[in-house]
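For reference, the structure discussed in these notes is given below.
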Amino acid sequence: MTCALVVPAAGRGERLGAGLPKALVPLAGEPLLVHALRRALASGVVDVVVVVAPEGRQEHVRALLGPLGAADVRVVAGGAERQDSVRCGLAALPPGVDVVLVHDAARCLTPPAVFRAVVAAVRGGAVAVVPVLPVSDTVKRVAGDVVLETVDRRELVAVQTPQGFDPAPLRAAHEAARGATGAAPATDDAGMLEALGHRVRTVPGDDTAFKVTRPVDLVLAEALLSGGRA
Ligand code: C5P
């Protein structure tokens with residue numbers, strides 16, 4: 001049994017405003033990507049790591065990951081959209097993988113237990129697994145600045161990563177999405193499997209698995225680390 005972790009880390013991260021690809025933005029002195037991988041490897045369930053690096057940064061990323069001591073780390077170049085980057089990562093997987101995890105570098109504080117729960121659910125027979133949290137805000141559908149309706153939040157969850165997959169349907173979903181002209185690029189891999197009719201299962205997510213997107217998220221992540229909460 002081999003579990004491979006694909007980390008799309010090739011985004012520009014413009015919303016963070018740090019002037020660096022987001023995965024390389026420092027948090028308590030280390031890039032977000034290093035924080036994310038350290039926690040993934042501490043889960044004890046990851047055998048192979050494929051990092052999809054920002055354009056022109058492959059050697060830099062390889063050097064960053066050396067000290068983490070993972071047995072099999074591969075670094076590949078990314079694509080224009082997140083889904084292109086994940087597809088580049090999937091192409092670098094070795095044969096014999098029974099679980100693929102896809103994890104955003106930006107969810108850098110995701111605890112090891114979430115990785116273990118996702119892998120266990122895939123090995124328990126699920127085709128696709130996502131960690132989720134209840135939605136605490138009231139959510140409304142809008143058109144411009146006009147509210148159309150209020151959505152019943154009891155039916156909603158917020159979805160995190162790592163998302164876990166049976167490799168063959170994940171690859172097929174990426175190939176299908178690649179061929180789909182005019183469709184909006186997917187922001188989440190499980191959504192591509194849903195579109196093909198696969199059942200996606202949930203496991204509990206974690207508050208500390210939030211995605212560092214805006215400057216305030218970095219402040220929160222620093223506070224959690226310095227307070228020993230992540
Ligand atoms: O931009 P966003 O926060 O949604 O990106 C989610 C993850 O996907 C990030 O870790 C980012 O580095 C990655 N990404 C990528 N290739 C892209 C765009 C985003 O690997 N072209």
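For this chain, numbers begin at 1 and follow the sequence in order. Counting starts at 1 for both ligands and their atoms, following the listed order. What you see is a predicted model, and the numbers here were worked out from it, not measured in a lab.
- The closest approach between a heavy atom of Gly78 and any atom of ligand 1 is not below 4.0 Å.
- Protein heavy atom nearest atom 4 (O) of ligand 1, with residue, atom name and distance: Lys211 NZ, 3.0 Å.
- Counting only heavy atoms of the protein, atom 7 (C) of ligand 1 lies nearest to Asp104 OD1, 3.4 Å.
- For ligand 1, the atoms lying closer than 4.0 Å to a non-hydrogen atom of Ser85 are 15 (C), 16 (N), 17 (C), 20 (O), 21 (N).
- Interface of Ala80 with ligand 1, defined as ligand atoms under 4.0 Å from a residue heavy atom, comprises 21 (N).
- Here the OG-CG distance, from Ser136 to Asp207, works out to 8.5 Å after rounding to the nearest 0.5 Å.
- In this structure, Lys22 contributes its side chain and Val212 its backbone to a donor-acceptor pair below 3.5 Å.
- Contact annotation: for Pro21 versus ligand 1, there are no heavy atoms closer than 4.0 Å.
- Looking at Arg74, its side chain does come within 3.5 Å of a backbone N or O of Ala92 through a donor-acceptor pair.
- Judged by distance alone, the side chain of Asp104 and the main-chain N or O of Ala106 form no donor-acceptor pair under 3.5 Å.
- Counting only distance, with no hydrogens or angles, the side chain of Gln163 and the backbone of Ala190 share a donor-acceptor pair below 3.5 Å.
- A distance-only check finds no donor-acceptor pair linking the side chain of Arg107 to the backbone of Ala36 [under 3.5 Å].
- Taking all heavy atoms of Gly79, Cys108, Ala10, Gly11 into account, the minimum distance to atom 21 (N) of ligand 1 is reached by Gly79.
- In Pro8, the parts holding a heavy atom less than 4.0 Å from any atom of ligand 1 are both the side chain and the backbone.
- Here the side chain of Arg82 pairs no donor or acceptor atom with the backbone of Pro8 at under 3.5 angstrom.
- In summary, the atoms of ligand 1 found under 4.0 Å from a heavy atom of Glu81, numbered by their order in the structure, are 17 (C), 21 (N).
- Residue-ligand proximity, Ala106 to ligand 1, at heavy-atom distances under 4.0 Å covers atoms 10 (O).
- Closest heavy-atom approach to atom 17 (C) of ligand 1 among the candidates Lys22, Gln83, Arg82: Arg82.
- The CG atom of Leu20 sits 6.0 Å away from atom CZ of Arg57, with the distance rounded to the nearest 0.5 Å.
- When distances from atom 1 (O) of ligand 1 to the protein are checked, a heavy atom turns up under 4.0 Å.
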